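Below is one structure, written out as structure tokens; comments come after it.
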Amino acid sequence: MLLQLRGIATAQIPVEIFVGHERTTLDIMFFKFFLNDENSHTPWLFFNRTRAGLDYRLTDTSYLPQFGFTEALSYNHPSLKGFAAVGVVQILNRGIFPKVGIQYANISTDATLFSWVVVETQRRPAIDVFLLARFTPKITDAWRLFTQIELINALPTEEQALFSFIQRGRLGVQYRSFQWGLGADIALTGKSTFAHTANIGLFVRHEF
């Protein structure tokens with residue numbers, strides 16, 4: 001799908017490798033408005049993400065590799081000022097999860113704010129609240145500051161299910177199409193008490 005739509009969407013595709021003290025992750029993500037024949041934005045916004053992680057404590061039965069694919073398509077009418085209905089499909093280690101909900105997108109040269117609240121269409125659904133905030137102010141013609149915060153929250157509707165809160169932060173610099181710096185991935189899982197994990201390290205990104 002990426003190869004087929006890349007020419008239509010003309011999207012930059014950032015690829016990130018994050019090497020932390022507990023695991024290494026690979027993250028490929030892009031979202032872009034499709035263009036029409038006049039090279040102008042259409043209301044259709046496509047979001048794609050592929051993410052994989054490998055824990056250094058890997059064994060045959062525990063700390064297994066993790067992967068996830070997220071595809072989202074939304075129709076953004078100009079009168080809604082960035083809000084749109086969105087359909088999402090996630091393919092994870094534990095299954096396939098179709099979701100629907102509301103999205104907000106505000107994308108500019110220096111800043112990006114992208115968020116959605118979606119609910120699974122299956123029985124006993126979870127509510128997902130996602131936020132990606134990125135700020136890259138210019139330092140010189142070739143250099144920029146690179147900052148990014150990502151929040152992924154899963155709120156279950158089933159009484160016995162666990163809450164999940166993930167926070168990812170990146171702080172570094174950008175030179176042309178490369179970004180690098182410090183990063184941290186933090187995860188909390190539980191209900192009344194929460195198990196906590198943190199992966200701290202260095203990231204390198206390149207926009208193809």
Side-chain angles (χ1 to χ4, degrees), residues 14-31 47-59 61-72 88 90-95 97 99 101 103-106 111-120 125-137 144-158 160-174 178-207:
V15 177
E16 178 194 272
I17 298 177
F18 177 49
V19 180
H21 73 289
E22 288 191 347
R23 69 185 62 87
T24 294
T25 60
L26 172 67
D27 197 344
I28 304 171
M29 175 176 59
F30 87 87
F31 44 98
F47 174 93
N48 174 278
R49 187 173 204 176
T50 301
R51 184 175 174 85
L54 182 64
D55 198 294
Y56 308 142
R57 299 164 291 180
L58 173 69
T59 69
T61 57
S62 60
Y63 300 105
L64 299 177
Q66 296 181 334
F67 70 87
F69 305 94
T70 301
E71 316 287 338
V88 180
Q90 286 188 310
I91 305 173
L92 308 175
N93 296 61
R94 52 191 175 88
F97 303 91
K99 306 175 182 183
Q103 171 186 285
Y104 178 77
N106 190 330
T112 295
L113 183 61
F114 186 77
S115 180
W116 67 46
V117 178
V118 295
V119 61
E120 294 175 5
I127 300 170
D128 286 357
V129 181
F130 171 70
L131 171 67
L132 175 69
R134 182 184 301 147
F135 184 50
T136 57
R144 289 177 177 269
L145 179 67
F146 183 85
T147 63
Q148 179 175 288
I149 295 175
E150 186 178 354
L151 306 177
I152 306 172
N153 303 316
L155 313 175
T157 58
E158 187 178 9
Q160 301 302 321
L162 301 178
F163 291 83
S164 174
F165 304 102
I166 297 174
Q167 302 94 40
R168 300 186 184 121
R170 302 291 186 264
L171 176 61
V173 293
Q174 172 177 327
F178 280 93
Q179 301 99 20
W180 65 89
L182 301 175
D185 293 352
I186 301 170
L188 299 171
T189 305
K191 203 167 182 66
S192 57
T193 60
F194 290 85
H196 170 273
T197 63
N199 190 38
I200 301 171
L202 303 174
F203 75 91
V204 176
R205 297 173 84 252
H206 178 61
E207 293 182 353

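Because the structure is predicted, anything quoted here is derived from the model rather than measured. Any value given below was found using the heavy atoms of this structure, including those in side chains, with hydrogens, waters and symmetry copies removed.
Using bins of under 30°, 30° to 60° and over 60° for the plane-to-plane angle, the ring pair F130/W116 lands in the tilted bin.
Listed for the R144 side chain is a donor-acceptor partner under 3.5 Å among the backbone atoms of T136. A donor-acceptor pair is defined here as one N or O able to donate and one able to accept, closer than 3.5 Å; no such pair exists between the side chain of T25 and the backbone of A52. The main-chain N or O of L54 is never found under 3.5 Å from a side-chain atom of T24 such that the two would form a donor-acceptor pair. Panel note: side chain N199, backbone E22; a donor-acceptor pair is recorded below 3.5 Å. A donor-acceptor pair under 3.5 Å links the side-chain atoms of N93 to the main chain of F67, judged by distance alone.
Taking every heavy atom of both residues into account, H206 and Q179 meet most closely at N-OE1, 4.4 Å. Residues P156 and F163 come closest through the heavy atom pair CD-CD2, 3.6 Å. The nearest pair of heavy atoms linking A198 to I186 is CB-CG1, 4.2 Å. Residues V119 and P125 share a closest heavy-atom pair of CG2-CB, 3.8 Å. Of all the heavy atoms in S115 and L131, the pair that sits closest is CB-CD1, 3.9 Å. When all heavy atoms of L64 and T59 are compared, the closest pair comes out as CD2-O, 3.4 Å.
Using a 4.5 Å cut-off on side-chain heavy atoms (C-beta onward), F31 and R49 make no contact. Side-chain contact between L151 and V129 is absent, with no heavy-atom pair separated by less than 4.5 Å. Counting heavy atoms from C-beta outward, F146 and R205 have side chains that approach closer than 4.5 Å. Using a 4.5 Å cut-off on side-chain heavy atoms (C-beta onward), V204 and V19 make no contact. With contacts defined as side-chain heavy-atom distances shorter than 4.5 Å, the pair M29/T70 does not qualify. A heavy-atom distance below 4.5 Å is found between the side chains of R170 and F18. Taking the side chain as every heavy atom from C-beta outward, E150 and R134 never approach each other to under 4.5 Å. Taking 4.5 Å as the limit, some side-chain heavy atom of L182 sits within range of a side-chain heavy atom of L202.
Enclosure of atom CD1 in I149 is not indicated, since only 12 or fewer non-hydrogen atoms of other residues, nucleotides or ligands lie within 6.0 angstrom. Sparse packing is recorded around CD1 of I17, with 12 or fewer heavy atoms of other residues, nucleotides or ligands lying under 6.0 Å away. Sparse packing is recorded around CD of Q66, with 12 or fewer heavy atoms of other residues, nucleotides or ligands lying under 6.0 Å away.
In this structure, CD on E71 lies 9.0 Å from CZ on F47, to the nearest 0.5 angstrom. With rounding to the nearest 0.5 Å, the separation of CH2 in W180 from CZ in F203 is 9.5 Å. For the atom pair L162 CG and K191 NZ, the distance stands at 7.5 Å (nearest 0.5 Å). Going from atom CD1 of I152 over to atom CZ of R168 covers 4.0 Å, rounded to the nearest 0.5 Å. Of the inter-residue distances, the one linking I28 atom CD1 with R51 atom CZ reads 11.5 Å to the nearest 0.5 angstrom.
T147 pairs by the side chain to side chain contact (heavy atoms under 4.5 Å, CB included) definition with F135, L145, L171, not counting sequence neighbours.
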Could you check F165 against L155 for side chain to side chain contact (heavy atoms under 4.5 Å, CB included), going step by step and ending with a plain yes or no?
CA-CA 9 Å; F165 304 102; L155 313 175; 3.8 Å; yes

Would R23 and D185 count as a side chain to side chain contact (heavy atoms under 4.5 Å, CB included) here? Give the steps.
CA-CA 10 Å; R23 69 185 62 87; D185 293 352; 5.6 Å; no

Quick one: do I127 and V117 satisfy side chain to side chain contact (heavy atoms under 4.5 Å, CB included)? Show the steps, please.
CA-CA 7 Å; I127 300 170; V117 178; 4.0 Å; yes

